[in-house]
Each structure stands twice: as structure tokens, then as C-alpha cells.
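Inspection log for the structure reproduced underneath, given as C-alpha cells.
Bear in mind the structure is a predicted one, so any value in this text is a computation, not a measurement.
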Amino acid sequence: MTPFIDALLLQAGYNAALVAIGAGLLGFAAGASGTFMFLRKRALVSDAVAHATLPGVGLAFIIMVALGGDGRNLAGLLLGSAVSAWLGVLIIEWVVRRTRLAEDAAIGAVLGVFFGIGIVLLTVIQTMSAGRQAGLESFLLGSTAGMLFQDAVVIAIGGSLAVFVTWLLRRPMTLVAFDSDYAAAMGYDVRRVDLLIMGLVLAITVTGLKLVGLVLIVAMLIIPPVAARFWTERASRVIWISGAIGGASAYIGAALSASAAGLPTGPIIVLTAAAMFVISMLFAPVRGVLAAVIRPRRFQARVHRRQGLLALAAAHPIREGYTLRLLAREGLVRPDGEPTESGRAQAAKIARDERRWDIAREVHQDAGLTGRYDGLTPIEEVFTADEIGEFDRRLGPPKPVGAV
């Protein structure tokens with residue numbers, strides 16, 4: 001584990017530290033920006049945008065070589081990929097708006113056509129004398145081994161701008177993502193907001209081509225928001241939790257890749273994000289699988305506890321084995337079913353609360369208030385201490401629970 005710890009602490013060499021920092025910044029930006037595409041239920045658009053970058057990479061290389069320049073100039077290749085991807089976005093938007101084709105059909109068509117054109121262009125480039133060692137295939141799966149300082153600067157600037165725009169325009173993008181009709185009624189131009197969301201995805205995709213490639217950048221835009229959704233019900237929190245998951249996945253994945261020879265950085269980053277998704281799916285406290293399994297059992301235990309205490313208060317014998325075991329585990333009854341002092345006190349409390357709710361229904365005619373009674377919600381969570389005191393005044397002094 002020492003090489004991995006060294007990589008985490010940025011002690012594994014200059015290049016490894018550069019890759020880890022660049023990956024972390026890109027992961028945070030991808031997670032935060034990709035949230036709105038996920039909430040808009042358009043995650044597949046990310047895939048189309050990523051694949052639409054490939055023709056731009058090929059055309060940019062050919063144009064730069066034809067003009068006598070270096071076809072492998074990163075700025076030129078990224079510019080070409082951005083133009084191509086934006087063209088793909090506009091085509092998807094036009095097809096959906098002007099034809100009867102469903103959005104998923106338009107996305108699938110653009111994805112397939114653009115990727116096919118890109119592969120043809122890469123094949124043509126390989127036949128060129130300047131293209132045999134171009135290394136453009138690295139844009140498919142990423143190539144971090146040769147990352148330079150200026151590459152990390154490009155990632156940092158591009159990612160920071162994407163995060164800033166996400167923070168600045170989070171309200172209209174959230175409204176459009178959840179209810180586009182309501183957003184339109186509020187005066188927002190839904191089409192422009194949609195294009196802005198796609199533009200953010202495009203920016204992250206182009207920025208991340210060097211690090212994880214067009215095939216895997218899609219995972220960094222989708223997996224963190226999906227994982228973050230397990231942890232909260234609020235959209236504003238999903239954005240930043242998603243960013244944190246994306247940043248942590250990318251940083252840890254880059255450190256893992258640097259700790260062992262032969263581990264490709266891009267795929268390891270994606271696998272790390274997938275591991276965080278599995279952890280979120282299983283162990284998130286509200287929406288996780290484990291919570292979904294535990295919640296009914298906790299509810300069942302609360303019901304049995306209440307019924308058992310009501311039986312003690314009424315001096316009725318408890319014959320349900322699970323109820324007896326539950327009360328005995330809490331020290332409320334002895335093994336023979338006799339209530340302990342604590343059990344008598346708890347039984348008296350829950351019986352009195354039942355009578356308090358009866359008085360509350362007489363005093364308050366607000367069904368929204370008294371309707372919250374389910375036998376399990378503590379009365380102290382609904383009424384104030386003064387209101388409960390008034391109920392007690394009407395009830396009179398409490399009566400002790402006798403032994404069974």
C-alpha cells in the first residue's frame with residue numbers, strides 16, 4: 001500500500017502528482033456539471049456529445065497538416081472537437097424540435113453517424129505520411145502518461161469555468177431539469193437553458209479528452225450524479241455531492257494508476273467511480289438498499305414495542321414472542337413477562353399519550369395537525385410543551401401501571 005499512499009500524498013513523482021491534481025479537478029467539474037443532464041433525464045446526450053467530438057479531432061488534424069502546422073497541436077485538436085461536438089448538439093436539438101423523432105432516436109442517430117465519420121477520418125489519417133505516428137487513438141481511451149503542465153492548466157481553467165457557470169446558473173437549470181413548463185411560465189427560455197446544459201457537458205467532454213478519452217468521459221458525467229442522488233433529496237446538494245464524488249473518484253483512480261505499472265488511468269478512474277456508486281447504492285442512509293431493508297424492520301419493531309407497552313398498561317398478557325423479546329432486550333419486561341419499573345413507566349407514558357391525542361382531537365379541529373397521529377409519532381414532535389400541559393390539565397393526574 002506504500003506506493004498508493006505516496007501517490008495519494010502527491011509523493012510519487014511530478015508526473016503522477018500532475019495527473020492526480022488534473023484528474024481531481026476534472027472529476028469535480030464533470031460531476032457537478034453532469035448533474036443537470038442527469039436530472040433532465042438526458043444522460044444519453046453526454047454519450048452523443050462525446051462521440052461527436054471524434055470527427056472534429058480528425059478534421060482538425062488534417063487541416064493543421066494541410067496548412068503546414070503540427071497536426072498534434074492539442075489546442076487545435078480540442079478546438080476541432082468542440083466545434084464538431086457543438087454541431088452534434090445543434091443537430092440533436094433541431095431534429096427533436098423540427099421532426100417527430102423522439103429524442104433518444106435523434107441522439108442515437110447523431111452518435112452513430114458522427115462516430116462513424118470519426119473512425120473513417122482516423123483511418124484516412126493513418127494513410128497519411130504525417131498521420132502514421134499521430135497517436136490520435138489516445139482520444140478514444142485517454143492518455144495521461146504524457147500529460148504536461150499546460151495540459152493540467154487547461155483542465156484547471158476549463159473545469160473551474162464550468163463549475164462557476166454551474167454555480168451561477170444553478171437555479172434556472174434546476175427548474176428546467178425538474179419542470180420545464182413551470183420554468184417557461186417563470187419566464188426562462190427553456191431552449192437556451194437546455195443548450196447551456198449541453199454546452200457545459202460539451203466543455204467538460206472536450207476538456208477531459210486528454211485525460212480519460214471520449215469513451216470514458218461519459219462515465220464521469222453520469223456516474224457521480226447517479227451516486228449522489230442516493231445521498232440526498234435536495235437538488236442543490238446533489239450538485240456538490242456529485243462534484244465531490246467525481247473529484248474523489250478521479251483523484252483516487254489516478255493515485256491507484258500511479259501506484260502500479262501498467263494500470264491505465266482513465267479506466268481505473270471510471271472503475272473507482274463505479275465502486276463509489278455501488279457503495280452509495282448499498283449504504284446511503286435514506287435511499288440505499290440497506291436502508292430500504294432496515295426501514296421496514298425498524299417500523300415493525302416500533303409497532304410491536306408500542307403494542308406491547310399498551311398491553312402492559314392495560315394489564316394484558318403479552319403472547320407474541322417477538323414483542324416479548326423486543327421488550328426484554330430493552331429491559332422493559334423480565335423473562336417471565338412481568339414489567340420492570342422502567343417498563344411500567346414507559347407503558348404509563350404511552351397510555352397517557354393515547355389519551356392526550358384524544359383530547360388533542362377535541363381541542364384542535366385541524367386535520368392536518370391531528371391527522372399526523374399514527375400511534376408512532378411522539379406527541380412532543382407535534383405539540384408544544386404548553387399545549388401538552390393543557391391536555392394534561394384536562395386529563396388529571398397520571399395513573400400508575402400496576403403489575404401484571
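One finds the CE atom of Met198 at 12.0 Å from the OG1 atom of Thr205 (value rounded to the nearest 0.5 Å). In this structure, Arg352 CZ and Ile359 CD1 are separated by 9.5 Å, a value rounded to the nearest 0.5 Å. Leu122 contributes atom CG, which lies 12.0 Å from atom CD1 of Ile117 (distance to the nearest 0.5 angstrom). Rounding to the nearest 0.5 Å places NZ of Lys349 at 8.0 Å from CD of Gln346. Atom CG of Leu271 is separated from atom CD1 of Ile223 by 8.5 Å, given to the nearest 0.5 angstrom. To the nearest 0.5 angstrom, Asp194 atom CG is 14.5 Å from Tyr188 atom OH.
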Dump the intermediate steps for side-chain contact (heavy atoms from CB on, under 4.5 Å) on Ser180 and Val190, then the final yes or no.
CA-CA 6 Å; Ser180 57; Val190 174; 4.0 Å; yes
Might you work through the side-chain contact (heavy atoms from CB on, under 4.5 Å) test for Ile252 and Met276, ending with a clear yes or no?
CA-CA 11 Å; Ile252 294 172; Met276 290 196 173; 3.8 Å; yes
Derivation and outcome, side-chain contact (heavy atoms from CB on, under 4.5 Å), residues Leu327 and Arg305
CA-CA 7 Å; Leu327 295 179; Arg305 182 181 187 277; 4.1 Å; yes
For Leu196 and Val165: C-alpha separation, side-chain torsions, deciding distance, then whether side-chain contact (heavy atoms from CB on, under 4.5 Å) applies.
CA-CA 9 Å; Leu196 173 63; Val165 172; 4.1 Å; yes
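Closest non-hydrogen pair, Ala60 versus Gly80, comes out as CB-CA, 4.0 Å. Minimum interatomic distance between Ala29 and Ile204 (heavy atoms only, all atoms of both residues): CB-CD1, 3.5 Å. Closest approach of Ile268 to Ser257, counting heavy atoms only: CG2-N, 4.3 Å. Taking both residues in full, the closest heavy atoms of Leu309 and Gly343 are given as CD2-O, 4.1 Å, listed atom of the first, atom of the second, then distance. What you find for Ser342 and Gly331 is that their closest heavy atoms are CB-O, 4.2 Å. Here the closest heavy-atom approach between residue Ala48 and residue Ile107 is recorded as CB-CG2, 3.6 Å.
By the 4.5 Å heavy-atom criterion applied to side chains, Phe114 and Leu54 are not counted as neighbours. Here the side chains of Ile269 and Met220 are in contact, with some heavy-atom distance below 4.5 Å. The shortest distance between side-chain heavy atoms of Val49 and Ser46 does not fall below 4.5 Å. Using a 4.5 Å cut-off on side-chain heavy atoms (C-beta onward), Pro285 and Trp231 make contact. For the pair Trp240 and Val163, the minimum side-chain heavy-atom distance is below 4.5 Å. Looking at heavy atoms from C-beta onward, Ser81 lies out of side-chain contact with Leu77 at the 4.5 angstrom threshold. You'll find the side chain of Leu282 stays beyond 4.5 Å of the side chain of Leu290, heavy atoms only. Here the side chains of Arg40 and Met173 are not in contact, with every heavy-atom distance at 4.5 Å or above.
Under the rule for a salt bridge (charged side-chain N to carboxylate O under 4.0 Å, His left out), Glu320 has no partner lying at least two apart in sequence or in another chain. Residues that satisfy the salt bridge (charged side-chain N to carboxylate O under 4.0 Å, His left out) test with Arg297, not counting sequence neighbours, are absent from this structure. In this structure Ile379 satisfies the side-chain contact (heavy atoms from CB on, under 4.5 Å) test together with Asp353, Arg356, Trp357, Phe383, Ile388, Phe391, sequence neighbours excluded. Shown here are the salt bridge (charged side-chain N to carboxylate O under 4.0 Å, His left out) partners of Glu233, two or more places apart in sequence or in another chain: Arg229, Arg287.
Within a 6.0 Å sphere centred on OH of Tyr322, heavy atoms belonging to other residues, nucleotides or ligands number more than 12. Few gaps surround CZ on Arg295; more than 12 heavy atoms of other groups in view lie less than 6.0 Å from it.
Ring planes of Phe115 and His51: perpendicular class, angle over 60° (limits at 30 and 60°).
Residue pairs meeting the side-chain hydrogen bond (donor to acceptor under 3.5 Å, both in side chains) criterion with at least one partner in residues 95-123, sequence neighbours excluded, are Arg42-Glu103, Glu93-Arg97. The side-chain hydrogen bond (donor to acceptor under 3.5 Å, both in side chains) pairs that include a residue from residues 164-174 are Ser33-Thr166, where partners are two or more places apart or lie in different chains.
With respect to Glu330 and Arg325, no salt bridge is recorded, no charged nitrogen being found less than 4.0 Å from a carboxylate O.
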